[in-house]
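Notes follow once the structure below has been shown.
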Amino acid sequence: MELTSKYNPADVETKNYQYWLKHKLFRSVPDDCREPYTIVIPPPNVTGILHMGHMLNNTIQDVLVRKARMSGKNACWVPGTDHASIATEAKVIAKLAQQGIRKQDLSREQFIQHAWDWTNEHGGIILEQLKKLGASCDWDRTCFTMDEIRTQSVIRVFCDLYRQGKIYKDVRMVNWDPKALTAVSDEEVIYKEIQGKLYYIKYKIEGKDGYAVIATTRPETIFGDVAVCIHPNDEKTKSFKGKKLIVPLVNRVIPVIEDDYVDAEFGTGCLKVTPAHDVNDYRLGAKYNLETIDVLNDDGTLNNHCLNYVGMDRFAARTQMEKDLAHAGLIEKIEPYTHKVGFSERTDAAIEPRLSMQWFLNMQELAKPALDAVMNDTVKFCPAKFKNIYRHWMENIKDWNISRQLWWGHRIPAYYLPRGGFVVAETKDEAYQEALRTVDYPLTIDDLRQDEDVFDTWFSSWLWPLSVFDGILHPDNADISYYYPTQDLVTAPEIIFFWVARMIMAGYQYRQEACFRNVYFTGIVRDKLGRKMSKSLGNSPDPIALMDKYGADGVRMGMLLTSPAGNDLPFDESLCEQGRNFSNKIWNAFRLVKGWQTDNTVLQPEASRIAVQWFEALLNQTLPEIEDLFEKYRLSEALMMIYKLFWDEFSSWYLEIIKPAYMQPVDPTTCSATLHFFDSLLKLLHPFMPFITEELWQSLDKREDGESIMLQMTPQPKQTDTQLTSDFAKVKEIITGVRSVRLQKNIPTKTPLHLQVVGQHNNAFDTVIVRLCNIEQINPVKEKEDQSVSFLVGTTEYVVPVNDLLNREEEITKTETEINYYEGFLSTVLKKLSNEKFVANAKPEVVDMERKKQLDAETKLKALRDNLTKLKNK
RNA sequence: GGGAGUUUAGCUCAGCUGGUUUAGAGCAUCUGCCUUACAAGCAGAGGGUCACUGGUUCGAAUCCAGUAUCUCCCA
């Protein structure tokens with residue numbers, strides 16, 4: 001290893017990752033002697049590439065896993081990918097389109113083959129990228145939501161829940177994309193505010209002169225009208241009760257029905273009922289046995305129910321109908337109306353709500369234990385604020401639509417019979433056997449037709465913590481028995497319902513136990529303008545490029561520095577720069593320490609002896625604090641604490657005290673203590689910065705092949721000398737004070753100074769002060785020297801004689817400012833102490849504290865005022 | 001429309017059950033230094049009516065109410 005003054009991460013990272021893989025250091029197998037620590041990765045889309053969200057999320061997981069490993073636990077991080085049915089299918093369609101192939105020109109089998117080709121070609125890229133960031137996953141356990149075990153698990157669960165009566169078929173509105181000719185999921189619909197119009201259309205009353213006025217934003221759907229609904233108690237509309245109305249243009253006669261679903265305050269109080277194009281209308285239709293008339297073709301044009309508008313696009317038809325209705329005198333008025341309309345994320349086409357038959361899972365029973373588990377902290381949420389959100393959703397849980405009109409995914413194992421009805425079974429053979437038992441007509445296996453739909457992607461991912469250990473198919477196997485329940489789940493709050501809640505439910509359903517103990521919600525990575533980073537906005541930096549530029553450790557550190565749980569992370573490259581700078585700092589500290597020659601004849605200098613004792617004490621004092629932050633999942637703060645420990649305390653204070661003059665040897669005691677400290681610091685840093693710490697740890701001492709910092713224990717705290725650390729804090733203040741005087745008075749470091757002390761002073765640390773400040777002598781004095789600058793540490797005054805360098809005016813101003821501050825401070829203290837109620841009501845220790853503050857401030861003020869007087873008298 | 005949250009230094013955030021806070025950290029800024037580990041550095045310094053208005057209290061960044069603000073989730 002070449003010790004250049006700049007750390008070069010590229011080689012170090014590749015080399016060490018290979019080393020870890022070669023020695024299978026991430027591998028975990030059940031071991032009853034050790035406590036398991038398990039994380040299952042939120043599986044990224046199989047054909048996706050690493051984005052900043054992954055970077056953050058997986059860095060956090062890696063930190064937790066590495067920390068657990070270094071705490072002696074049997075740490076197992078299970079990696080894997082998600083088939084991501086809709087996203088992958090969209091990508092395959094796009095790729096085929098480039099070759100001039102349309103999905104509808106292919107058979108299902110042909111399309112699936114293309115999808116597998118695509119998956120095999122691109123799948124795994126993201127896993128390779130995770131390796132680059134240092135992820136310590138057990139790669140031998142890599143799973144895919146559509147591999148054999150996971151697929152069988154999904155099928156088994158569906159059949160099981162169906163047998164339990166929790167799964168049923170029902171009609172529901174889907175979001176139809178008329179451009180892509182497919183249903184899209186709710187997540188792929190983007191709602192935009194649209195300036196539309198509210199049309200007040202006259203419907204004639206059959207056999208009478210009057211008419212009812214109906215307000216609608218979609219006049220083109222009147223061809224699908226089958227009724228008009230009013231509120232039973234609405235005074236305005238009661239005259240229409242029992243009447244029949246005539247739909248304009250088509251002149252179809254429809255009934256007036258009454259239902260309290262209608263909002264009497266909206267529009268005119270009359271609702272046109274169009275069951276094919278609105279889900280609420282559909283329910284009304286079903287309730288009152290009305291016909292369903294679909295007026296649209298797949299591509300959003302009007303179909304043959306629509307007179308001379310047939311074939312027109314729905315928006316063109318709307319414009320034309322506005323004219324025609326107005327011409328016929330059937331429009332009472334048109335009001336501007338702002339409402340939200342859904343658009344397809346992919347094609348930007350206006351989404352058409354359309355009815356279709358879907359599979360549903362009843363969630364009522366599943367939700368109960370899952371809700372309790374979170375509310376009573378069996379499953380802890382971090383931060384806890386997400387508990388409320390969770391509860392609200394779980395208490396109002398709706399049935400889950402688990403079917404999707406796609407080809408890429410797990411095909412629903414329901415088989416339709418030729419004369420109606422269906423059977424659900426894990427295989428077609430089983431389905432056939434079961435069908436034979438139920439039908440009374442001749443049936444061959446080829447008469448069975450499997451459902452065309454596939455499952456919602458989440459219907460496989462909700463089983464993930466179970467299925468990655470094969471816990472559905474073989475619930476008693478060694479892996480699931482040992483690793484389940486998992487420890488921590490790290491994920492984004494956006495998928496708390498889609499994924500987290502459902503996993504908890506699956507855990508209780510299939511193992512009577514929650515699938516994890518803690519859920520850590522990360523924030524969302526945003527750009528400087530506060531926008532979510534996304535591919536479509538193009539505002540996301542490429543994490544791989546960032547790692548090339550700053551090193552994986554640098555980017556990891558940068559991401560973690562300012563991302564407390566649940567808080568969004570406004571990402572800025574300067575964070576990575578800070579991470580890189582820190583890597584470099586560690587690197588250079590190592591160069592210094594490793595460059596020393598020891599000499600057994602050299603005695604340990606007094607200053608070094610003190611420094612070693614002090615840093616030892618400080619380290620011991622800091623360790624439990626870091627541990628505490630880890631326990632509270634305050635990773636940013638833990639990292640910051642270690643960062644300051646390394647940079648400020650170890651490098652700027654400790655090393656500066658002990659470092660020998662150029663080319664001079666160091667005594668063996670100090671040297672070995674320093675190497676020991678370095679070793680401890682590397683271990684503390686390792687979870688955050690795995691690469692550089694491994695590299696330096698390997699060079700710090702002689703290691704066996706296969707040894708790794710990864711498998712070392714985090715340093716354990718010992719008894720702490722807190723007196724020493726607090727004494728030393730004063731020493732630092734004195735040193736800073738002297739340095740400040742030097743800078744103000746422009747006295748070079750090379751010029752030795754005298755330091756005089758007025759008041760109490762602990763001279764045990766004088767060698768340290770002398771060492772760092774180039775002081776010749778530290779003398780106690782009764783009176784401070786005239787030509788001098790002084791500062792206070794506690795109530796002791798430290799005096800630096802400066803001869804003719806004194807600027808009297810400047811000193812006066814400075815002293816007056818300080819006096820002002822302490823006077824203000826003292827007055828707030830006195831205000832409290834003179835308040836009888838305060839003295840009577842406040843806790844005694846609080847009152848004592850105020851008295852101490854008073855004394856302290858008074859002593860300081862006295863010294864400052866004396867100084868001022870002297871300065872002014874000269 | 002329903003729900004949840006945010007608001008503290010130029011930026012990103014700590015500040016937990018009110019009193020050790022006329023408020024802390026990191027970064028950025030400013031000043032002086034290329035001092036043989038590191039200029040990706042060293043030393044030092046400045047910077048805030050704790051969103052606003054009331055209330056509770058001996059005492060409020062902290063608790064309560066209202067207002068404003070931005071954000072997220074659901075519909």
Side-chain angles (χ1 to χ4, degrees), chain A residues 3-7 186 191 340 383 385-393 395-396 398 493-497 523-524 526 528 530 532 550-551 554 558 561-564 566-572 574-575 577-596 629 632 634 636-637 639-641 643-644 647-648 651-652 655-656 659 661-664 735-744 746-750 772-774 820-829 831-843 845-850 852-853 856:
Chain A
L3 290 176
T4 51
S5 69
K6 297 272 186 289
Y7 170 59
D186 291 346
Y191 287 88
K340 284 190 175 172
K385 66 179 177 185
F386 289 109
K387 279 168 80 172
N388 278 333
I389 298 171
Y390 180 85
R391 185 183 59 205
H392 191 254
W393 191 74
E395 283 174 350
N396 299 286
K398 299 197 178 78
E494 327 163 83
I495 53 176
I496 184 168
F497 309 128
I524 296 164
R526 300 180 175 281
K528 279 187 199 164
K532 188 171 163 177
Y550 299 103
L561 266 177
T562 55
S563 52
N567 266 40
D568 285 1
L569 167 66
F571 183 78
D572 189 326
S574 69
L575 292 167
E577 211 172 309
Q578 196 182 347
R580 179 201 58 185
N581 293 356
F582 187 44
S583 304
N584 205 47
K585 184 72 187 178
I586 301 166
W587 181 256
N588 278 296
F590 180 80
R591 285 175 64 217
L592 173 73
V593 171
K594 238 359 217 186
W596 286 338
L629 290 171
K632 292 175 179 151
R634 304 177 82 141
S636 302
E637 286 172 63
L639 174 58
M640 181 52 72
M641 187 167 269
Y643 172 81
K644 284 194 275 192
W647 198 311
D648 300 341
S651 300
S652 298
L655 289 179
E656 288 303 321
K659 91 178 172 194
Y662 183 57
M663 295 298 279
Q664 293 302 301
I735 293 166
T736 302
V738 176
R739 283 169 172 168
S740 185
V741 172
R742 274 195 193 274
L743 200 69
Q744 275 168 43
N746 220 352
I747 309 167
T749 327
K750 283 171 186 141
L772 289 186
C773 295
N774 192 11
N820 268 340
Y821 173 86
Y822 283 108
E823 279 176 342
F825 182 76
L826 185 62
S827 78
T828 64
V829 175
K831 207 172 117 193
K832 283 186 197 174
L833 286 170
S834 61
N835 183 334
E836 280 171 34
K837 286 181 177 169
F838 170 74
V839 180
N841 294 327
K843 282 181 251 163
E845 59 265 35
V846 172
V847 180
D848 285 349
M849 186 66 64
E850 293 300 319
K852 241 185 94 191
K853 271 155 75 177
D856 209 61

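Computed from a predicted model, the values in this text were never measured in an experiment.
When each of B:C58, B:G26, B:G41 is scored by its nearest atom to the side-chain atoms of A:Lys644, the top-ranked nucleotide is B:G26. Nearest to the side-chain atoms of A:Arg739 among the listed nucleotides B:C38, B:G26, B:G44 stands B:G44. Of the listed nucleotides (B:G26, B:G32, B:C38), B:C38 has the atom at the smallest distance from the side chain of A:Lys6. When distances run from any side-chain atom of A:Lys398 to the nucleotides B:A75, B:C58, B:A40, the shortest one goes to B:A75. Of the candidates B:C38, B:G26, B:G19, the closest approach to any side-chain atom of A:Asn588 belongs to B:C38. Of the candidate nucleotides B:A37, B:G19, B:C74, B:A37 has the atom lying nearest to any side-chain atom of A:Glu656. Of the candidates B:U20, B:A37, B:G2, the closest approach to any side-chain atom of A:His392 belongs to B:G2. The side chain of A:Asn584 lies closest to B:C38, out of B:A45, B:C38, B:A4. The side chain of A:Leu743 approaches B:U31 more closely than any other nucleotide in the set B:A37, B:U31, B:C58. Ranking B:G5, B:A45, B:A23 by closeness to the A:Tyr821 side chain, first place goes to B:A23.
Side-chain N or O atoms of A:Trp587 include one that pairs as donor or acceptor with a backbone N or O of A:Thr4 at under 3.5 Å. Within the 3.5 Å criterion, the main-chain N or O of A:Lys837 finds a donor-acceptor partner in the side chain of A:Asn841.
Dashed line: the shortest gap from a side-chain N or O of A:Ser5 to OP1 or OP2 of B:A40 is not under 4.0 Å. The phosphate of B:U6 has neither OP1 nor OP2 within less than 4.0 Å of any side-chain N or O from A:Lys385. For B:C42, one of the phosphate oxygens OP1 or OP2 lies less than 4.0 angstrom from a side-chain nitrogen or oxygen of A:Trp647. In terms of phosphate contacts, A:Asn581 brings no side-chain nitrogen or oxygen within less than 4.0 Å of OP1 or OP2 of B:C38. When the side-chain nitrogen and oxygen atoms of A:Arg634 are compared with OP1 and OP2 of B:G15, one or more of them lie within a distance under 4.0 Å. At the phosphate of B:A37, OP1 or OP2 sits under 4.0 Å from a side-chain N or O atom of A:Lys659. Contact check, A:Tyr662 against B:A37: no side-chain N or O comes under 4.0 Å of OP1 or OP2.
A:Gly824 comes within contact range of at least one nucleobase, with a heavy-atom separation under 4.0 Å. Residue-level contact check: A:Ser652 touches the backbone only, with heavy atoms under 4.0 Å from sugar-phosphate atoms and none from bases. Within the 4.0 angstrom heavy-atom criterion, base atoms lie near A:Met849. Within 4.0 Å (heavy atoms only), A:Thr828 reaches no atom of the nucleic acid at all. Within the 4.0 angstrom heavy-atom criterion, no nucleotide atom of any strand lies near A:Phe582. In this structure, A:Ser583 reaches neither bases nor backbone, as no heavy-atom distance under 4.0 Å exists between it and the strands shown. A:Asn388 comes within 4.0 angstrom of the backbone, heavy atoms only, and of no base.
Residue A:Arg391 contributes atom CZ, which lies 11 Å from atom C1' of B:A4 at whole-angstrom precision. Rounded to an integer number of Å, the gap from A:Asn774 CG to B:A43 C1' is 14 Å. For A:Lys837 and B:C58, the NZ to P distance is 5 Å, given to the nearest whole Å. Rounded to a whole Å, the CE atom of A:Met640 is 17 Å from the P atom of B:G24.
Taking the P atoms as reference points, B:U20 lies 16 Å from B:C50, given to the whole Å. Across B:U53 and B:A14, the matching P atoms stand 24 Å from one another, rounded to whole Å. B:G41 and B:C34 have their C1' atoms separated by 9 Å, with the value rounded to a whole Å. Across the P atoms, B:C13 and B:U71 are found 14 Å apart, a figure rounded to whole Å. One C1' atom belongs to B:G26, the other to B:C70, and the distance between them is 24 Å to the nearest Å. Going from the P atom of B:C42 to that of B:A4 covers 48 Å, rounded to whole Å. Comparing the C1' positions of B:U6 and B:A51 gives a spacing of 11 Å, expressed to the nearest Å. The separation of B:G15 from B:U8, taken at their C1' atoms, amounts to 9 Å, rounded to a whole angstrom.
When every heavy atom of A:Met640 is checked against every heavy atom of A:Leu561, the shortest pair comes out as CE-CD2, 3.5 Å. Scanning both residues, A:Leu772 and A:Glu656, for their nearest heavy atoms gives CD2-O, 3.5 Å. When every heavy atom of A:Lys585 is checked against every heavy atom of A:Ser651, the shortest pair comes out as CE-CB, 3.6 Å. Scanning both residues, A:Leu655 and A:Leu592, for their nearest heavy atoms gives CD1-CD2, 4.1 Å. When every heavy atom of A:Ser5 is checked against every heavy atom of A:Asn584, the shortest pair comes out as O-OD1, 3.6 Å.
With both pairing distances under 3.5 Å, B:U35 is matched to nothing as a Watson-Crick or G-U wobble pair. The pairing partner recorded for B:C63 is B:G55, the criterion being a Watson-Crick or G-U wobble arrangement whose two distances lie under 3.5 angstrom. Summarising the base pairing, B:A4 is matched to B:U71 through a Watson-Crick or G-U wobble pair whose two defining distances lie under 3.5 Å. With both pairing distances under 3.5 Å, B:A40 is matched to nothing as a Watson-Crick or G-U wobble pair. The base-pairing partner of B:A45, taking Watson-Crick or G-U wobble contacts with both distances under 3.5 Å, is B:U29.
If you find the closest nucleotide of RNA chain B to A:Thr736 and to A:Asp648, the one lying nearer the 5' end belongs to A:Asp648.
Side chain A:Glu577 to base B:A28: no donor-acceptor pair is found below 3.5 Å.
Of the candidates A:Tyr643, A:Tyr7, A:Tyr550, A:Tyr643 is the only one forming a ring pair (Phe, Tyr, Trp, His ring centres under 6.0 Å) with A:Phe582.
Taking a 6.0 Å sphere around CD of A:Glu845, one finds it holds more than 12 heavy atoms contributed by other residues, nucleotides or ligands.
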